[in-house]
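First up is the structure itself, then whatever we jot down about it.
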Amino acid sequence: MKREFELIVIGGGHAGCEAALAAARLGVDTALVTLRTDRIAHMACNPAVGGLAKGHLVKEIDALGGEIGRATDRAGIQFRMLNRAKGPAVWSPRAQVDKFHYRQIMRHTVENQPNLSIVQAEVTGVLTDHGRFVGLKTREGADLIAPYCVLTGGTFLRGLMHIGEHKIQGGREGEPAAESLSGSLAALGFRVGRLKTGTPPRVLRYTVDLGRFDPQRGDVPAVPFSHRTRAIHRDQEMCYLTYTTERTHDILRNALDRSPLYRGDIEGIGTRYCPSIEDKIVRFPDKIRHQIFIEPEGRGHSELYLNGISTSMPVDVQLEMLASIPGFENAVMRRPGYAVEYDFFPPEQIKRTMESKPVAGLFLAGQVNGTSGYEEAAAQGFVAGINAVLALRGDEPFVPGRDQAYVGVLLDDLATKEIDEPYRMFTSRAEFRLLLRQDNADERLMHHGVRWGLVDEKALETVERRVRSVRRMVEQLERTPFPQEPGNEILAAHGQEVVTKPVSLLQILKRPGIRFADIEPLLRSRDDHLRPELTTPSDGSNGFGSHVECAVKYMGYIERQMKDIRTVREMERKTIPPDFPYEQIAGLSTEARQKLLTKRPETVSQASRIDGVRASDLSILVVHLERYRSSAAAPVPLDA
Ligand SMILES: Cc1cc2nc3c(=O)[nH]c(=O)nc-3n(C[C@H](O)[C@H](O)[C@H](O)COP(=O)(O)OP(=O)(O)OC[C@H]3O[C@@H](n4cnc5c(N)ncnc54)[C@H](O)[C@@H]3O)c2cc1C
């Protein structure tokens with residue numbers, strides 16, 4: 001067995017796969033060490049990828065040259081664009097995935113990747129030399145050596161599962177916990193915290209009366225995640241929607257004293273935004289029903305995932321709960337829901353490159369940084385993998401800004417926000433979300449993927465051609481007067497006010513409710529440069545029309561956001577030395593001083609986003625930074 005590598009990735013989950021693939025594809029001799037190779041890329045919870053803001057992350061990883069989007073397109077069994085009722089900035093793609101097929105695809109991809117060795121072992125400790133990573137100890141006794149490592153241990157570090165009064169050591173159902181690794185990092189100076197997440201019971205499909213639920217169909221045509229997928233033609237599976245009942249709530253309420261959450265058995269903090277069903281009935285006592293999305297775990301597979309009723313109640317309570325839901329009276333529960341507590345490393349201990357501060361050369365990615373979700377994990381894994389390679393080569397790291405990508409928002413939030421519950425991405429976290437749309441992830445990021453050699457140049461040429469075509473189309477719309485005949489007929493057909501004064505087609509397209517396809521016939525001459533494949537109708541997909549709509553409808557807002565971005569970039573340029581003596585600066589509020597000492601932001605802009613750092617603290621900080629620099633790193637006197 002080979003023992004020496006250039007990079008070792010611990011973990012074969014969503015973060016680990018992206019990290020290992022990115023590095024190996026860049027020609028780095030990489031090892032992926034995981035507890036069970038047959039569980040590579042396992043989806044522990046929801047059989048789905050994407051969703052609000054998470055879909056944006058997947059599109060971004062894909063544009064950069066990652067794998068999650070392509071694997072989802074291949075394993076997807078139902079595709080939907082969420083949030084269509086709202087503006088395109090917050091549309092988000094989501095796919096139900098055959099989780100078994102997904103695992104198979106990803107395992108095949110990593111196993112057949114040149115430069116990538118897969119090792120099944122349990123890592124028990126990290127070896128360092130003068131604060132630098134040098135290798136790993138495994139329970140099997142073989143030490144592994146490398147100058148760089150990406151740790152993506154997921155929910156496995158001292159994982160403890162709860163089902164009612166029963167506690168089972170394990171990272172997730174059927175898999176052991178990694179008992180020693182977090183202790184080894186604690187001994188190296190890492191702060192360790194504890195979080196919790198949970199999953200619902202799975203039931204057998206043929207024991208459920210699906211006819212009693214509202215069917216939920218996928219979009220036709222399906223919009224793929226990956227720029228490498230031309231189209232998805234396969235049949236889509238059906239999902240269903242139903243609701244809990246008041247009886248369900250009574251059952252859970254009466255059994256709260258047996259819930260590990262309410263008995264005080266769970267010390268890890270769970271998610272506020274994705275609570276268990278017992279948590280929901282306590283927190284929202286007036287709500288008479290809660291949604292349950294019924295989702296197949298795979299095509300032709302017998303298990304159904306019950307999205308919305310994650311629980312750690314005892315098995316008998318889970319059975320009673322299920323029987324109280326119409327359509328589930330005879331349901332057979334294949335696997336009970338459970339909660340899992342695990343160790344994580346509060347992310348002020350990583351830089352925005354994902355390299356840890358206590359141990360140089362050791363990068364941390366995924367759930368171990370306090371995040372939750374496959375997409376958040378994949379995004380971090382990809383960035384950590386790339387940055388480990390760039391560090392190995394002595395190149396500049398890849399740190400996208402908040403104005404460039406949701407990935408940038410994620411990295412920055414981890415560095416600046418208080419993570420006291422599992423962190424997940426939302427569109428509301430991105431202040432520049434009109435610019436960070438899922439439809440333009442390729443415009444924003446693909447050039448990086450091409451530069452690294454992870455994305456084909458031809459793909460970028462197609463994107464650049466589209467951007468040019470959209471720009472020309474916008475100019476054409478601006479130049480073209482709106483022909484009142486037959487234009488007003490079209491407006492009237494859409495219930496819109498007719499036009500009596502001269503206006504351009506661009507002004508008409510700015511109107512809410514008017515789509516590009518509505519006014520396209522009014523264009524006297526089509527731009528010859530628009531290639532036929534770019535002129536798909538604006539049907540909600542990422543066709544040419546929807547790109548034109550975004551450019552036109554958000555015109556003013558985008559200009560305003562660009563102005564804000566210039567201000568932020570100015571602040572980003574003001575860097576803060578890693579050893580800046582906050583403790584010696586008079587005038588900082590106590591809270592700000594404490595937070596700045598803990599987080600050690602890399603720039604003034606980052607400092608400004610830390611909760612508890614006020615505008616007055618920032619002005620003091622900026623003044624002292626100038627003095628600190630001009631006095632050639634001399635300590636700032638307390639009374640300065
Ligand atoms: C019960 C449960 C419920 C969840 N519910 C949700 C949810 O509702 N919503 C949501 O978004 N996410 C949920 N998740 C989280 C989701 O599974 C993770 O966010 C995602 O899988 C994290 O990816 P990751 O790559 O960081 O870690 P994981 O996918 O957990 O992968 C970790 C990998 O590390 C390996 N590993 C760990 N320790 C060692 C070691 N010492 N040596 C070698 N290998 C090691 C494991 O074998 C595994 O391959 C849930 C997870 C679980 C277990």
[X], [atom1] atom: more than 12 neighbouring heavy atoms under 6.0 Å:
X	atom1	result
Glu418	CD	no
Arg217	CZ	no
Arg334	CZ	no

Give a yes or no on whether a salt bridge exists between [X] and [Y], defined as a side-chain N under 4.0 angstrom from a carboxylate O.
X	Y	value
Arg84	Asp219	yes
Asp343	Arg194	yes
Glu341	Lys167	no
Arg253	Glu278	no
Arg247	Glu320	yes
Arg258	Asp316	yes

Nearest 0.5 Å, please: how far is [atom2] in [Y] from [atom1] in [X]?
X	Y	atom1	atom2	value
Ile232	Gln78	CD1	CD	12.0 Å
Asp257	Tyr262	CG	OH	12.5 Å
Arg212	Tyr240	CZ	OH	14.5 Å
Asp62	Ser226	CG	OG	3.5 Å
Trp91	Leu52	CH2	CG	14.0 Å

Taking all non-hydrogen atoms of both residues into account, name the closest pair between [X] and [Y] and its distance.
X	Y	result
Ile309	Pro200	O-CB, 3.5 Å
Arg158	Glu179	CG-O, 3.7 Å
Leu445	Gln404	CD2-O, 4.2 Å
Pro400	Val407	CG-CG1, 4.2 Å
Phe79	Thr72	CZ-O, 3.9 Å
Pro347	Phe344	CD-CE1, 4.4 Å

Option among Glu303, Glu297, Glu173 that satisfies the side chain to side chain donor-acceptor pair (under 3.5 Å) test with Arg202: Glu297

Do [X] and [Y] pair up side chain to side chain, a donor and an acceptor below 3.5 Å, judged on atom types alone?
X	Y	answer
Gln291	Arg289	no
Thr37	Gln120	yes
Asp73	Thr229	yes
Asn369	Gln380	yes
Ser180	Thr124	no

Examine distances only and state if a side-chain atom of [X] and a backbone atom of [Y] form a donor-acceptor pair shorter than 3.5 Å.
X	Y	result
Tyr338	Gly164	no
Ser92	Ala53	yes
Asp412	Gly408	no
Glu421	Lys196	no

Ring-face cation of Arg74 near Tyr102 (centre distance under 6.0 Å, axis angle within 45°): no

Worked verdict on Thr427 versus His56 for side chain to side chain donor-acceptor pair (under 3.5 Å): CA-CA 9 Å; Thr427 48; His56 291 69; over 6 Å; no

Using the benzene-type ring in the case of Trp, are the ring centres of His301 and Phe100 under 6.0 Å apart? yes

Phe328 and Phe213 aromatic centres sub-6.0 Å: yes

For Glu237, the side chain to side chain contact (heavy atoms under 4.5 Å, CB included) test, sequence neighbours excluded, returns Ile77, Arg205, Pro296, Arg299

